Amino acid sequence: MAAPEAELVLKWEREQARLRQNVKEEDTEDWQRNADFSGLERVGGVDLSFIKGDDINACAHLVVLAYPHMKVLYEDCKMVTLNAPYVAGFLGFREAPPLLQALEKLKNVQPNLMPQVLFVDGNGLFHYREFGLACHLGVLSDLPCVGVAKNLLHVEGVVRSEEHQSQALRSSQSSIKPVYVSVGHRITLDTAVRLTHNCCLYRVPEPIRQADIRSREYLRCNFLTSDIT
DNA sequence: GCGACAG
DNA sequence: ATCTTGTCGC
């Protein structure tokens, strides 16, 4: 069957165009206006980890850290089954559902720990149609979101050059490889970049890093692939 | 034209 | 996303 995805992609493009209209590229929170972000106490991070040969079962992780200490206040991990395939440019349709469920769960069990801003592993407006995973998650949850990608997405009109990486951010002088920060929802690029900087202990902002480390750890302990002979 | 292309 | 050990350096 040649490209059963074509039809799906067209449907997805329409959906992204529709949801794109709801993205807010402005600072909507009071803490975002403060130079020191006073008023900000909780920052969240989400990530999915997979087992080597399996691309439909994954571990969905949500963490909430205290700002600015970056100490873990909440952690939720759950094995999920993904329905959509990975297609560059449509990450949201694959990863947003389980992550939204994790946020929904948090709202029910510990509403007081709901993060005031969420760091998402992937792009926001820096996307083919200006609607990456961070926007997708932002619009559907209506939570301020920041997109942080570890690799460059080749968007037409944007060339890979050091000079053009105005969105690139290097956490320390020792790390040359940049991360790409973009607006997800309810935040400006300037605020997103400043916040990201403040949340970086290493190259990747701590919320995302913790979600990544912990989800991997979970898989390592529960789904060992090595056999005992 | 072919390849590239977040996770 | 995932496969993967040691190693050099602060």
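The structure displayed is predicted, hence computed values, not measured ones. Residue numbering restarts at 1 for every chain, and letters A, B, ... go by the order of the sequence lines.
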Review point. Which parts of residues 135-145 of chain A get close to DNA chain B, meaning a heavy atom less than 4.0 angstrom away?
Key: none

Revision key, fill the gap. Sequence neighbours excluded, the answer for ring pair (Phe, Tyr, Trp, His ring centres under 6.0 Å) partners of A/F131 is A/H136

Review point. What residue pairs, at least two apart or across chains, pass salt bridge (Lys or Arg N to Asp or Glu O under 4.0 Å) with a residue in residues 97-121 of chain A?
Key: A/D76-A/K105, A/E104-A/K107, A/D121-A/K150

Pull out every protein N or O sitting under 3.5 Å from an N or O of nucleotides 1-3 of chain B, one pair per line with the distance.
none

Check your understanding: Can you list the stems that include DNA chain B, where a stem is three or more consecutive Watson-Crick or G-U pairs with distances under 3.5 Å?
Key -> none

Exercise for review: Under 3.5 Å for both distances, Watson-Crick or G-U wobble, that's the pair rule; now give the dot-bracket for DNA chain C, with | marking pairs to another strand and [ ] for crossing ones.
Suggested key: ..........

Revision key, fill the gap. Contacts satisfying salt bridge (Lys or Arg N to Asp or Glu O under 4.0 Å) that involve residues 55-67 of chain A (not counting sequence neighbours) are none

Please write out each protein N/O paired with an N/O of nucleotides 4-7 of chain B under 3.5 Å, distance rounded to 0.1 Å.
{"unit_1": "B/dC5", "atom_1": "OP1", "unit_2": "A/H154", "atom_2": "NE2", "d": "2.8"}
{"unit_1": "B/dC5", "atom_1": "O2", "unit_2": "A/Y128", "atom_2": "OH", "d": "2.2"}
{"unit_1": "B/dA6", "atom_1": "OP2", "unit_2": "A/Y86", "atom_2": "OH", "d": "2.8"}
{"unit_1": "B/dA6", "atom_1": "O4'", "unit_2": "A/N123", "atom_2": "ND2", "d": "3.4"}
{"unit_1": "B/dA6", "atom_1": "N7", "unit_2": "A/G89", "atom_2": "N", "d": "3.0"}
{"unit_1": "B/dA6", "atom_1": "N6", "unit_2": "A/G89", "atom_2": "O", "d": "3.2"}
{"unit_1": "B/dA6", "atom_1": "N6", "unit_2": "A/F90", "atom_2": "N", "d": "3.2"}
{"unit_1": "B/dA6", "atom_1": "N6", "unit_2": "A/L91", "atom_2": "N", "d": "3.2"}
{"unit_1": "B/dA6", "atom_1": "N6", "unit_2": "A/H127", "atom_2": "NE2", "d": "3.2"}
{"unit_1": "B/dA6", "atom_1": "N1", "unit_2": "A/L133", "atom_2": "N", "d": "3.1"}
{"unit_1": "B/dA6", "atom_1": "N3", "unit_2": "A/N123", "atom_2": "N", "d": "2.9"}
{"unit_1": "B/dA6", "atom_1": "N3", "unit_2": "A/N123", "atom_2": "ND2", "d": "3.4"}
{"unit_1": "B/dG7", "atom_1": "OP1", "unit_2": "A/K150", "atom_2": "N", "d": "2.8"}
{"unit_1": "B/dG7", "atom_1": "OP2", "unit_2": "A/N151", "atom_2": "ND2", "d": "2.7"}

Check your understanding: What residue pairs, at least two apart or across chains, pass salt bridge (Lys or Arg N to Asp or Glu O under 4.0 Å) with a residue in residues 130-143 of chain A?
Key -> A/R20-A/E130, A/D142-A/R186

Using a cut-off of under 3.5 Å, enumerate the N/O to N/O pairs linking the protein to nucleotides 6-10 of chain C.
none

Exercise for review: Could you list the residues that satisfy ring pair (Phe, Tyr, Trp, His ring centres under 6.0 Å) with A/W12, not counting sequence neighbours?
Suggested key: A/F90, A/F93

Practice item. With sequence neighbours left out, write down each residue that passes side-chain hydrogen bond (donor to acceptor under 3.5 Å, both in side chains) with A/E13, or none if nothing qualifies. Key: none

Review point. Is it true that the side chains of A/T188 and A/D190 contain a donor and an acceptor less than 3.5 Å apart?
Key: no

